[in-house]
2 protein chains.
Amino acid sequence: MAVTQATRTNTKETLRNHARRLFAERGYEGVSMRDIAGSVGIQQSAIYNHFPSKQHLLVDLMESHMHRLLDAMYRAVESDATPVERLTQFARFHVKYQLEESDDVFLAYMELRSLEPDSKAIVIPLRNEYERTLREILEDGAKSGVFHVADAAVVARGLLAMMTGVTVWFRDGGRLDRETVANTYVTTALQAVGYKG
Amino acid sequence: MAVTQATRTNTKETLRNHARRLFAERGYEGVSMRDIAGSVGIQQSAIYNHFPSKQHLLVDLMESHMHRLLDAMYRAVESDATPVERLTQFARFHVKYQLEESDDVFLAYMELRSLEPDSKAIVIPLRNEYERTLREILEDGAKSGVFHVADAAVVARGLLAMMTGVTVWFRDGGRLDRETVANTYVTTALQAVGYKG
DNA sequence: GTCTATAAAGGGATAGAC
DNA sequence: GTCTATCCCTTTATAGAC
């Protein structure tokens, strides 16, 4: 849907929003600068007043997403809580965040391969930091005997993949609401790490 | 790596193999017919002697993959076994198949969006059939009381996402071998459905 | 069945007017 | 900051010689 000049107060942010949606839907390579400009309602060349290249636009989206994700996660997970509490908080946060920001999440997950090496070197550590947080929760729970995981790194990646997958099928207005879905994933995650609630 | 005329006995199959690898690595939109032809060692126009279009080539890969996947799964999972046995068989099969045919699996997972509607109508039902098999295992186990799942459909999709994710990080020669990884996923899947082994 | 050549369209990015 | 116009390259696909 094109946006008229009158309704657009900040072209740069509008470009981010439309590019995010289009990249998530069709993939970075499947979207042209003309597609993005057309969606926003400007000419393709005007994008270059805001971003120096298509690649920079992708990096801008992915890097800022990762920082927002990490900030929100650290707010949601209490670092001095028990492993069971932290896993519950992490899982609930993760699923709900996926559903709220599904385009950002899908983009960051899918388009790492479209990043040039320099850009990848920025995004990958942020991704690892997120994964490490979950792994350490599992390790702490295993140490104290409440969790039973054969390999914390493998299970952490498995849980992340499981929970991230919610964006593939969930639609508002379907059989289940967001809260119910989040609860199901939290329960499944706790069971998966062998917690006998 | 280009293939010389002498070593190539079946251009069509060689094209499939190279296209599969390239599509999985860079995405359908990120690979040109010239890339594929160059990889095989022929001119781009020669591809059209074997496939009428790039889209037909993608559909050929995805559809044949889904049929092979379903056939192999039905051979691996004994339909008259107990739910615990069937889940064990399914999970072990799934993880090992992902690792053996990771390009095919990744392609089928990622490039559904690149399929035109007619092609999608062929592939989606095959995908649903696979997912339904796992869901029915969970439902049978829940009925007999050995599994405890809040929602069999959600948990089935969650387990598939979890196990499919193995292709993202696993590399031969790393800290863990395929058998160990498969065992970890099988154990995690059984715990996730609340089985008290 | 593969080649060279080419058509017709679309890609990212830039120049310069306003 | 956006526009029109354009550059230069790549894209999928086809035509016709061999």
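Whole-Å rounding puts the B:Leu58 CG to D:dT12 P distance at 13 Å. Rounding to whole angstrom units, CD1 of residue B:Ile36 and C1' of D:dT11 are separated by 12 Å. Look at CG on A:Asn10: it is 12 Å from C1' on D:dG1, rounded to the nearest Å. At whole-Å resolution of the value, CD in A:Glu29 and P in D:dT11 are 10 Å apart.
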With sugar-phosphate taken as primed atoms, P, OP1 and OP2 and all else as base, the protein-contact string of nucleotides 11-18 of chain C at under 4.0 Å (heavy atoms; B, S, -) is BBBBB---
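Note on ring orientation: taking the six-membered ring where Trp is involved, the planes of A:Trp169 and A:Tyr185 are parallel (angle under 30°, cut-offs 30° and 60°). In this pair, A:His94 and A:Phe90 present their aromatic rings parallel. The plane angle is below 30°, not in the 30 to 60° band.
Under the 3.5 Å distance criterion, the side-chain polar atoms of A:Arg113 are matched with a main-chain donor or acceptor of B:Ala24. In this structure a side-chain-to-backbone donor-acceptor pair under 3.5 Å is missing from A:His18 to A:Ile36.
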Salt bridge (charged side-chain N to carboxylate O under 4.0 Å, His left out) evaluation trace for B:Arg16 with B:Glu13:
CA-CA 5 Å; B:Arg16 282 198 189 91; B:Glu13 193 57 26; 2.6 Å; yes
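Contacts classified as salt bridge (Lys or Arg N to Asp or Glu O under 4.0 Å) and involving residues 22-46 of chain A (residues at least two apart or in different chains) are given here: A:Arg26-A:Asp35.
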